[in-house]
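The structure under discussion appears below in the form of structure tokens.
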Amino acid sequence: MTRIIGVVSGKGGVGKTTLVSNLGASLAKDGYNVAIVDANLTGANLGLHYGLISYPISVHDVMKKNASLSDAVYKHPSGVDIVPASLSFEDILDTPPVNIGNEIKTTFSDKDYVLIDAATGLDRETLNAIDMCDEFIIVTHPELPTISDALRTKSIINKYEKKLSGIVLNRVTKKDELKKDYIASFFKLPVLGVIPEDSSIRRSIELKNPIVLQNPKHKISLEIRKIANSISGREAKMESLSVWEQIRMTLVGRPKIKGANP
Ligand SMILES: Nc1ncnc2c1ncn2[C@@H]1O[C@H](COP(=O)(O)OP(=O)(O)OP(=O)(O)O)[C@@H](O)[C@H]1O
Ligand SMILES: [Mg+2]
């Protein structure tokens, strides 16, 4: 069954889009069938992380009922299917947030994962994105004001009675006073990953290639792999396999992705 996972936060700019682009690529590398959707209607930029700059159809057209969701899918050679949102100011002005959750479920019924890049705050745009998802990852910086906003987002998701998979701490430095275990106890959720502050992220965005693809051995890529493993349960599956099966699974890597651009 397709898992529709929303990546949310309390404050803006904490790294949701960076996580969606990299987590999507990491899951695809492990052989999963993945789509990523930009539901940040007023602050779209998910496509840019993959070099998608100009595209005729976007999630805005789907919400305005001018196009079907399958028309707004762009296939990346990594195997990730991308549904970008429009960068045009006019589209932002005349597109109300519409719940396209059913269309996502039907169009992506062959996917293992659909990751939704949500907007920030508690307005209709964010609530609409939350409505479309079944489970959530909360991204936060390890600092009190950001955590406090993220806790509010957690309360809203609890009201929807939807599943919270865990937290990702981003832009973490050695100087941060709030540590992982303390933050986990605060949220009463597992910390799925701790991503350090590192200028390589900005570089990978400039190169329009998620860091897990551009530099798979980088410490951030390894941490994102860990997050992907805890989402998919792959690590637990690997541990239950014999040594030979583990080697096979590691070597086989990602199967061919249907219809991907060369
Ligand atoms: N681990 C990191 N180290 C350094 N810079 C980072 C890291 N993660 C993200 N950034 C930078 O932080 C900025 C914001 O990241 P991103 O766009 O992913 O956040 P966001 O939560 O999606 O923002 P918004 O709420 O506006 O949608 C980006 O410019 C990115 O380069
Ligand atoms: Mg974003």
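The residues of the chain are indexed from 1 along the displayed sequence. All figures in this text were calculated on a predicted structure; none of them were measured in a lab. In each ligand, atom 1 is the first atom listed, and ligand 1 is the first ligand listed.
In this structure, of Asp117, Ile211, Ile205, the residue bringing a heavy atom nearest to atom 31 (O) of ligand 1 is Ile205. The residue among Thr18, Ile195, Asn170 with a heavy atom at the shortest distance from atom 8 (N) of ligand 1 is Asn170. Closest to atom 12 (O) of ligand 1 by heavy atom, among Glu223, Arg171, Glu206, is Arg171. Selection from Leu48, Asn45, Ile201 by nearest heavy atom to atom 6 (C) of ligand 1 gives Ile201.
Shown here is Glu206, whose CD atom has more than 12 heavy atoms of other residues, nucleotides or ligands within 6.0 Å. For Asn158, the CG atom counts as densely surrounded, since its 6.0 Å shell holds more than 12 non-hydrogen atoms of other residues, nucleotides or ligands.
The Asn40 neighbourhood of ligand 1 comprises atoms 27 (O), with distances under 4.0 Å to a heavy atom of that residue. Within ligand 1, the atoms closer than 4.0 Å to a non-hydrogen atom of Gly12 are 25 (O), numbered from 1 in the order shown. Taking every heavy atom of Gly15 and a limit of under 4.0 angstrom, the matching atoms of ligand 1 come to 15 (O), 16 (P), 18 (O), 19 (O), 20 (P), 21 (O). Close contacts of ligand 1 with Thr120, meaning ligand atoms under 4.0 Å from a residue heavy atom, involve 25 (O). If you number the atoms of ligand 1 from 1 as listed, the ones under 4.0 Å from a heavy atom of Pro196 come out as 1 (N), 2 (C), 3 (N).
Of the N and O atoms on the side chains of Glu103 and Ser68, not one donor lies less than 3.5 Å from an acceptor on the other residue. Between the side chains of Thr146 and Asp149, not a single donor N or O lies within less than 3.5 Å of an accepting N or O. For the residue pair Thr2 and Lys111, no side-chain donor N or O sits within less than 3.5 Å of a side-chain acceptor on the partner. Side chains of Ser204 and Asn209: a donor-acceptor N/O pair is absent below 3.5 angstrom, by distance only.
Looking from atom 4 (C) of ligand 1 to the surrounding protein, the closest heavy atom is Asp198 O, 3.2 Å. Nearest protein heavy-atom neighbour of atom 26 (O) of ligand 1: Gly13 N, 3.8 Å. The protein heavy-atom contact nearest to atom 17 (O) of ligand 1 is Thr17 CB, 4.1 Å. For atom 25 (O) of ligand 1, the closest non-hydrogen atom of the protein is Lys16 NZ, 2.7 Å.
Remark: Lys163 does not engage Asp134 in a salt bridge, criterion side-chain N to carboxylate O under 4.0 Å.
Look at Thr17 and the Mg ion (ligand 2): an N/O/S atom of the residue is under 2.8 Å from the metal.
The two residues Pro216 and Ser221 make their nearest non-hydrogen contact at O-CB, 3.3 Å.
Exactly one residue among Arg171, Lys174, His141 makes a side-chain hydrogen bond (donor to acceptor under 3.5 Å, both in side chains) with Glu197. That residue is Arg171.
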